[in-house]
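Structure record follows, encoded as C-alpha cells.
In the text below, chain A, chain B and the rest are named by the order of the sequence lines, each starting its count at 1. Heavy atoms only: backbone and side chains are in, while hydrogens, waters and symmetry mates are out.
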Amino acid sequence: MIAKVIVDVPAKQTDRAFDYLIPERLIEVIQPGMRVIVPFGPRTIQGFVISIEEESSFDKLREIVEPMDLYPVLNPELLKLGDWLTDKTLSYKISAYQVMLPAALKAKYIKKLKMSKQCQINDLPLDIQDLFINQQEVSWEQAVNEGLLSLLQKEATKGNIEVIYEVKERVKKKKLKHVYPLLNNEELMGIRDALTSQAAKQKVVIEYFIDKNESVELRELLSILNVSSATVKGLVQKGVLVEKDMEVYRDPYLDRIFEKTQALRLTDEQFAAITPVINSIEEEKHNVFLLYGVTGSGKTEVYLQSIQRILEKGKEAIFLIPEISLTPQMVKRFKGRFGNEVAVLHSGLSIGEKYDEWRKIQRKEVKVVVGARSAIFAPFENLGIIIIDEEHETSYKQEENPRYHARDVAIERARFHQCPVILGSATPALETFARAQKGVYIKLTLSKRMNNQSLPTVQIVDMREELREGNRSMFSRKLLEKLQDRLEKKQQTVLFLNKRGHSSFVMCRDCGYVVNCPQCDISLTYHRYNEQMKCHYCGYETHVPTHCPECNSEHIRYFGTGTQKVEEELGKVLPEARVIRMDVDTTSRKGSHERLLNDFQEGKADILLGTQMIAKGLDFPNITLVGVLSADTMLHLPDFRSSEKTFQLLTQVSGRAGRHELEGEVIIQTYTPEHYSIVLAGTQNYDHFYEQEMMIRKPHQYPPFYYISLITVSHENLMKVVSVTEKITHFLQARLSKESIVLGPVASPIPRINNRYRYQCLIKYKREPELGKTLKTVLDQYQQEAVSNGLQVSIDVNPYILM
DNA sequence: AGCACGCCGACT
DNA sequence: GTCGGCGTGCTC
C-alpha cells in the first residue's frame, strides 16, 4: 500500500504529494489525516498522509518510518479544506495544514551525531574521542560550538560517524501518576493483617484503599496520608498496588466556578432576528446571516440561544471573537451557559494548554469552541453553526501565509456542513453590509438597545478651537468638566486613546527632524521605560539622542501621546481620581488583564484609561462617560479603509457608555471635526455612514465595488525591486481582462524594511476567474529566485492592510 | 528548506 | 595538487 504524503518542507519544489510505501505492520494503522515520520533525502521529517492508494508510478519508493498519531489529526473535511485554502491564498499545502492545527503538533527537528556500530572509539581522532567517551550521541550544536564539525564530517565520510535526524513532538501530553489497588477489599484486609508492625505506613495506605477502592493521584495520596513515595513503591512491588500514568488536561479555568446562567427572555426584536436562524438550523440549510445590531442590543443572547438549539440537536458550534475582546467576561458567559461543553482557544494560553483544548474538541468532549481566528479550524465533524462576532474586525485576517480570512473559511466550512453562519456587528465591514444589501447574506437587524436604553449622546469637540482659546492640555474643557462631574457622582469613565498610527516618535522641536530607523523607512517608537527608541519592523534599538543630528539643537524629545503620559496629566488635573491604565505594558502578565477589569468593575477606580483593548466587550453598568482623546489619529493612514476603521472604532467605544440603567455620554475630541466618519460616528448612524462611504469607494474602484489583490516585491537592491515589479505589472496587464485595473509599480507605504526595498502592484478587478492561476505563475517564476538572489514576492488576495 | 554534487579560484 | 567557495538540482 502507498501513502501520499505532504512533507514538512515549505518550498515550491516540494509543494506536492510524495509517495511512500506503508510497511506491512502499519497497513491497518496508517490513515489519511495522520502525521507520519518519513525519510526525505538524507533527513527524516514530518509529513501528512493525504490519501492511501494501491500503487504508485514511482519505482524507488521508501517506507514510512512510523505514524506520529494514534488517530488522524485532520479529518476528511479539513484535508479538503486545506486544498481550498491553498488555492485561495496561494500558499503551500503544508502551511495550510499546519495553520489548521495547534502549534504543539508542529514537528521539532533534532540533528545529532553518533558513532557507527562498527566503529571503535580508538578509531576516531583524539580530538573527537572526548566527545564520545561518556555519551552515545552528540548534538549538532555542540559539535558546531566546539569547532569540531569539519573533523566529524571527515569521519562521517569514512563511515565512523553517522548523522541522525530525529523528529520530536513539541509538547508532551501532561501525565500524572495514579495508583490503584489490584486486589479487592477482602484481599486487602488480608494483606493488612499480615503486615508486621514495622510497616505501619503501608498499613495506612492499605486502609485508605479499603475505604476507597479506586484510582487516586499519587501526589494526592502522599499528601493526604502523609506517607512517602517509598511506602507506595513497596506495595507496588508486593503486587498490591499498581502505578499508571493518567493523561490529564492542562485546564486554564480549572479552579474557577462559573455561575450557571439561564436563557434570557428575548425582546421582540431579538426574537424576530433569531427566528430565521432557528429555521435555517431546523432545515439544515446553509445561510449566511448578518446580525446587524447596535451596541448593547443583545447580540450575544441571540448567539447563545442559537448555540443552545444546536446543542439540543446534538451538533457542534464555533464561536469566533476577536482576540482583544476574548475577555474573561465573555468566557464567563459561555461557560456559565454551557458549562464544560465549552473549549476556549486564545493566544493567552500556553502551547500545551492550547493543545489540550484542541484535543477536547478532537475527542468530542466539548461541543462549543470559543476562540480567536484560528479556532475556525476546530476539528468538529458535526458542525451546526458558526458565529463570528464583531465580524468587521481586521484581526480575522491572518497577515502571514496562509493569508486567510476567518470569515471566508467559516462560509466554506458551513457550506460543507450545510449549516448557518452568523456574522454579527454594530458596524459591519462594508463588504459584508453590501452583500447583505444585495441579498447574498440575510440581514437581521437589532435597532434598539436592551431595556430600551437610548444610545449615548455624543458630543464632538474641536481641539483646534481649544488650542486657539489657549487650552494646550490634552483634555478639552468640556471633557474635564464631565470628568469632574462623574467623579462627584461616583460614576465611572472610560478614556480611550487611539494609539495606532500615533505611536510616540522622537522629533527635534527646532528643525522638525524625526528619528527614523536606519534600515526601515519608518520613524522609531519611543519607549519610556528604558529611554530607548525601537523600530517596530526590524527590532533596531537605540538611545534617544541628546542633540539633534541635523541642527545640533538640544530640543529633541519624544512626541505623541502614550497612555503613560495621559495618566500623568490626569494626575495633575484630577489628583483625586483613581485611574486604571490598560495597555500592552500593564496587561502583559498573565491574568493582569482580568484583574484590572475586575478592579474597575468593583469600583476600585473612577477612570479606565486604555487603548484598543478597552474598545470592545466592556459591559459595566456604572460607566456613564466615554472620552475619546484623539479621534483622528488613524484617519491619516495610507489606507482606503481608514475612514471605515475610524467610524467603527468610535462607534464601538461610544457603545461602552450607558448600557444599563444610567444614561451614557460620549465626548470625542478631534482636530478634524468636519470629517464625515467623525461627524457620523457622532450620530452613530451606520446606515448613513455606509452610504457616504460607498459613494467614495465607487469612483475610486475600491471594495466592495472591486476586489483587490496586492503583490509586494522586496529586495536589497532598489533597481532590482523596481524592475521586477515592473515586469510583474506588465505581465498582469497583458494577462488580465480589460475591465481589471493593474496599478504599479509603486513604493509600498513602508518603502523599506530591514534594508530591503519594497515595491508593490495592486490589482483591482470585478471578475477574473483565472486570476489565481495567473498569480501562481508569477509566484512560480519569482519564488525560485528567492533562494538564489534574495528576491521576495508575496501575494495577498483580498488584503486588509495595504502595507 | 536542507543537502549533495560539481565546477572554478587561492592556498599548503 | 587540494581545500573550499556557492550555483544547481533533488528529495517518494
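- In this structure, A:Phe18 does not count as stacked on the base of C:dC12 under the 5.5 Å centre distance and 30° plane angle limits.
- Comparing atom distances between the A:Lys111 side chain and each of B:dA1, C:dC12, B:dC3 picks out B:dC3 as nearest.
- Taking the ring centre of A:Tyr765 as origin, the terminal cationic atom of A:Arg767 falls outside the region bounded by 6.0 Å and 45° from the ring axis.
- Between A:Ile45 atom CD1 and B:dG2 atom P the separation is 10 Å, expressed in whole Å.
- Note: NZ (A:Lys60) to C1' (C:dC12) measures 10 Å, nearest angstrom.
- Residue A:Phe40 has its side chain nearest to C:dC12 when only C:dC10, B:dC3, C:dC12 are considered.
- Side-chain contact between A:Asp83 and A:Lys93: present, with at least one pair of heavy atoms (C-beta onward) separated by less than 4.5 Å.
- Nearest to the side-chain atoms of A:Thr14 among the listed nucleotides C:dT11, C:dC12, B:dG2 stands C:dT11.
- Ring geometry for A:Tyr800 versus A:His405: interplanar angle of 30 to 60°, hence tilted.
- Atom pair A:Asn401:CG and B:dA1:C1' shows a separation of 15 Å (rounding to whole Å applied).
- Summarising the geometry, the separation between OH on A:Tyr109 and C1' on B:dC3 is reported as 15 Å, rounded to the nearest angstrom.
- Going from atom CD of A:Gln13 over to atom P of B:dA1 covers 9 Å, rounded to whole Å.
- Every stem involving DNA chain B, taken as at least 3 paired positions in a row under the Watson-Crick or G-U wobble test at 3.5 Å, is listed here: B:1-11 with C:1-11.
- Side-chain atoms of A:Leu81 and A:Leu74, non-hydrogen and from C-beta on, never get closer than 4.5 Å to each other.
- Between A:Tyr404 and A:Phe377, the ring-plane angle classifies as perpendicular under the 30° and 60° cut-offs.
- Between A:Arg35 and A:Glu169 there is a salt bridge, since a side-chain N of the basic residue sits under 4.0 Å from a carboxylate O of the acidic one.
- Summarising the geometry, the separation between CG on A:Leu21 and C1' on C:dC12 is reported as 10 Å, rounded to the nearest angstrom.
- Here A:Tyr165 reaches the OP1 or OP2 of B:dC3: one of its side-chain N or O atoms lies under 4.0 Å away.
- In this structure, A:Arg43 places its CZ atom 10 Å from P of C:dC12, rounding to the nearest Å.
- Annotation: A:Glu166, atom CD; neighbour count of heavy atoms from other residues, nucleotides and ligands within 6.0 Å is above 12.
- Atom P of nucleotide C:dT11 and atom CG of A:Asp15 are separated by 16 Å, given to the nearest angstrom.
- One finds no side-chain N or O of A:Lys12 lying less than 4.0 angstrom from the OP1 or OP2 phosphate oxygen of B:dA1.
- Heavy atoms of A:Phe58 sit under 4.0 angstrom from at least one base atom.
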